[in-house]
Trainee: 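Take this structure, written in structure tokens, and hold onto it; I'll ask about it next.
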Amino acid sequence: MVNHPNRSRRDRPGDRLQGLGATVLRTPDQSELPNLVAMIVRLWGELHTADPALARELARKLPAAEIRHE
């Protein structure tokens, strides 16, 4: 799609992610952290390869993500 300033909001890559949030159900042990980090990096790489614009939007919104603990 042509990058045109009059596109609708739904067509803008920056508007595809609404609010971000997560609920922490369980805090991992320190021994589990290397595997958790490896999974996050792999998923980030897959997202960035599949849709770089969406990955950039996610990176911009992560600092404001709401994290809840159960």
Side-chain angles (χ1 to χ4, degrees):
M1 176 177 275
V2 176
N3 188 8
H4 191 275
N6 294 328
R7 292 187 317 182
S8 70
R9 287 187 61 80
R10 112 184 120 77
D11 292 335
R12 295 179 194 160
D15 293 330
R16 289 189 285 168
L17 294 172
Q18 300 304 313
L20 294 177
T23 301
V24 176
L25 302 175
R26 180 182 74 81
T27 303
D29 293 329
Q30 280 202 334
S31 63
E32 297 174 283
L33 293 180
N35 285 338
L36 179 59
V37 170
M39 288 189 317
I40 292 168
V41 171
R42 180 185 56 79
L43 289 171
W44 183 261
E46 290 176 3
L47 173 60
H48 191 268
T49 300
D51 194 334
L54 185 61
R56 286 190 300 273
E57 178 62 18
L58 176 59
R60 281 192 298 273
K61 290 188 174 193
L62 276 177
E66 179 184 342
I67 299 173
R68 298 172 297 279
H69 297 274
E70 275 197 1

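Bear in mind that the values here come from a model prediction, so they are computed numbers and not experimental data.
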Trainee: Not counting sequence neighbours, which residues clear side-chain contact (heavy atoms from CB on, under 4.5 Å) with Asp29? List them please.
Mentor: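 Applying side-chain contact (heavy atoms from CB on, under 4.5 Å) to Asp29 gives Ser31, Glu32.
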Trainee: Who else is in the cluster with Leu36 when I, L, V, M, F, W and Y are joined by side-chain contacts under 4.5 Å?
Mentor: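 Members alongside Leu36: Leu33, Met39, Ile40.
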Trainee: How would you list, by chain and number, every residue that makes a side chain to side chain donor-acceptor pair (under 3.5 Å) with Thr27, sequence neighbours excluded?
Mentor: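 So Thr27 forms no side chain to side chain donor-acceptor pair (under 3.5 Å) with any residue.
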Trainee: What is the distance from atom CG of Leu54 to atom CD of Glu57, rounded to the nearest 0.5 Å?
Mentor: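 Going from the CG atom of Leu54 to the CD atom of Glu57 covers 7.5 Å.
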Trainee: What pairs meet the side-chain hydrogen bond (donor to acceptor under 3.5 Å, both in side chains) rule with one or both residues in residues 33-47, with sequence neighbours excluded?
Mentor: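 Every pair satisfying side-chain hydrogen bond (donor to acceptor under 3.5 Å, both in side chains) with a residue in residues 33-47: Arg42-Glu46.
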Trainee: Using atom types as modelled, flag every donor-acceptor pair under 3.5 Å from a side chain in residues 62-70 to any protein atom, sequence neighbours excluded.
Mentor:
| from | atom 1 | to | atom 2 | distance (Å) |
| --- | --- | --- | --- | --- |
| Glu66 | OE2 | Arg68 | NH1 | 3.4 |
| Arg68 | NE | Thr23 | OG1 | 3.3 |
| Arg68 | NH2 | Thr23 | OG1 | 3.2 |

